[in-house]
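Structure first, commentary second.
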Amino acid sequence: GQIDAFNVLASRICPDWDYTTQTWTGRATSNPASYFVLALQGAANAKPVADDGIDWENLQDFHDFCRLKDLKFDYVFEEDNMTVLEVLTIIAAAGRATPQRIDGKWSVVIDRPRTDIQDHINSRNAEGLTTTRSYFELPHAFRVPFKDATNDYRDDERLVVCPGYEGPITLTEVLDMPGKTDPAEVAREATRRFYELKYRPDLHQASQDHGVGTATRGDLAMFSNEILSEVQVSGRVRRVEGNLVQLDEMVTMEAGQSYALRFLKITEDTSEENAGAAI
């Protein structure tokens, strides 16, 4: 007879980075980097991006980051009239990243620690320095709706308690995680979101003229603001003789205290290695 309805668990074949052979190959995967490429070059994109419009080295690094962190993306786009950027934003978020386009090439900025300082923003090379802090009460727990991959992708919800909270759970908020289907990953990423809210309450802003700033989006930059600390002083170096450094600003020092001095050195070498080197 006629089958009125049926269910199927399907896997999408898309470009996937094979770190063992160092090549892109077509296969089933849940890596966000692979779906990022699919969104750019797949049939669903009315204007597919050519190979020279993608930063492949960056996306290979993104793929490895997601693989090592066990970050996955399994999502069915059913929304209408979504732009390519909106789709890329949802996919990249599953890998703790955001999309960006530099020099005509698509790539991502991964939210992870960095050690190389690319700029030191202060009152001498920027203006409009402001710092604002958000004061809010953290919920006792997040309620995360998701499709459970361990239970035939049925609709489910996980309650993730705020780290360190003990007591009755009376204040909760819904936290959406598109593409997350692994209960363990849902718990881990929701816990990470709690730590983000707790340890990133400040917003620092500044304006720099074109050509002054050396950092790009995602780079590590130091920030000096006299509003945050009166002992911070920004100045230009007039001359250096041995251990003597002369600045064009007055600096008050107290005996028995330790002080640090950071130089922002701009060289004539415009290569990426030397641009905005911080010492």
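Rounded to the nearest 0.5 Å, atoms NZ (Lys69) and CG (Asp64) are 12.5 Å apart.
With contacts defined as side-chain heavy-atom distances shorter than 4.5 Å, the pair Gln100/Val108 does not qualify. In this structure, Ser224 and His120 have side chains that are in contact, with non-hydrogen atoms separated by less than 4.5 Å. In this structure, the side chains of Val186 and Lys180 come closer than 4.5 Å at one or more pairs of heavy atoms.
For residues 213-249, the pairs satisfying ring pair (Phe, Tyr, Trp, His ring centres under 6.0 Å) are His204-Phe223, with sequence neighbours left out. Counting only residues at least two apart or on different chains, the salt bridge (Lys or Arg N to Asp or Glu O under 4.0 Å) pairs with a member in residues 22-35 are Asp16-Arg27, Asp18-Arg27. Applying the salt bridge (Lys or Arg N to Asp or Glu O under 4.0 Å) test to pairs two or more places apart or on separate chains, those with a residue in residues 120-140 are Arg124-Asp248, Arg124-Glu249, Arg133-Asp202. Annotation: ring pair (Phe, Tyr, Trp, His ring centres under 6.0 Å) contacts involving residues 151-180, sequence neighbours excluded, comprise His140-Tyr165. Screening residues 43-62 for salt bridge (Lys or Arg N to Asp or Glu O under 4.0 Å) gives Asp61-Arg112 as the qualifying pairs, with residues at least two apart or on separate chains.
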Sequence neighbours left out, cut at 3.5 Å: what donor-acceptor pairs do the side chains of residues 5-12 make with other protein atoms?
none

I'd like a table of donor-acceptor pairs (distance under 3.5 Å, sequence neighbours excluded) in which one partner is a side-chain atom from residues 87-97, with atom names and distances.
unit_1	atom_1	unit_2	atom_2	d
Thr89	OG1	Leu85	O	2.7
Arg96	NE	Glu189	OE1	3.2
Arg96	NH2	Glu189	OE2	2.7

For the pair Glu241 and Arg239, evaluate salt bridge (Lys or Arg N to Asp or Glu O under 4.0 Å) and give the outcome as yes or no after the intermediate values.
CA-CA 7 Å; Glu241 295 182 5; Arg239 63 189 179 97; 2.5 Å; yes
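Residues Trp56 and Trp24 bring their aromatic ring centres within 6.0 Å.
Cluster partners of Ile13 are absent, since no Ile, Leu, Val, Met, Phe, Trp or Tyr has side-chain heavy atoms less than 4.5 Å from it.
In terms of the side chain to side chain contact (heavy atoms under 4.5 Å, CB included) criterion, Met250 has no residue partners (sequence neighbours excluded). Taking the ring-ring contact (aromatic ring centres under 6.0 Å, His included) definition, one finds that Phe194 meets it with Phe142, sequence neighbours left out. When the ring-ring contact (aromatic ring centres under 6.0 Å, His included) test is applied to Phe77, the partners found at least two apart in sequence or on another chain are Tyr75. Every side chain to side chain contact (heavy atoms under 4.5 Å, CB included) that Thr191 has, sequence neighbours left out, goes to Val160, Pro163, Tyr195.
Grouping the Ile, Leu, Val, Met, Phe, Trp and Tyr side chains by contacts below 4.5 angstrom, directly or via other members, places Met253 with Val233.
Between the side chains of Thr98 and Arg217, at least one donor N or O lies within less than 3.5 Å of an accepting N or O. In this model, no donor atom of one side chain and acceptor atom of the other lie less than 3.5 Å apart for Thr25 and Thr23.
Nearest approach of Leu159 to Ala141, heavy atoms of both residues: CD1-CB, 3.8 Å.
Within a 6.0 Å radius of CZ in Arg114, more than 12 heavy atoms belonging to other residues, nucleotides or ligands are found.
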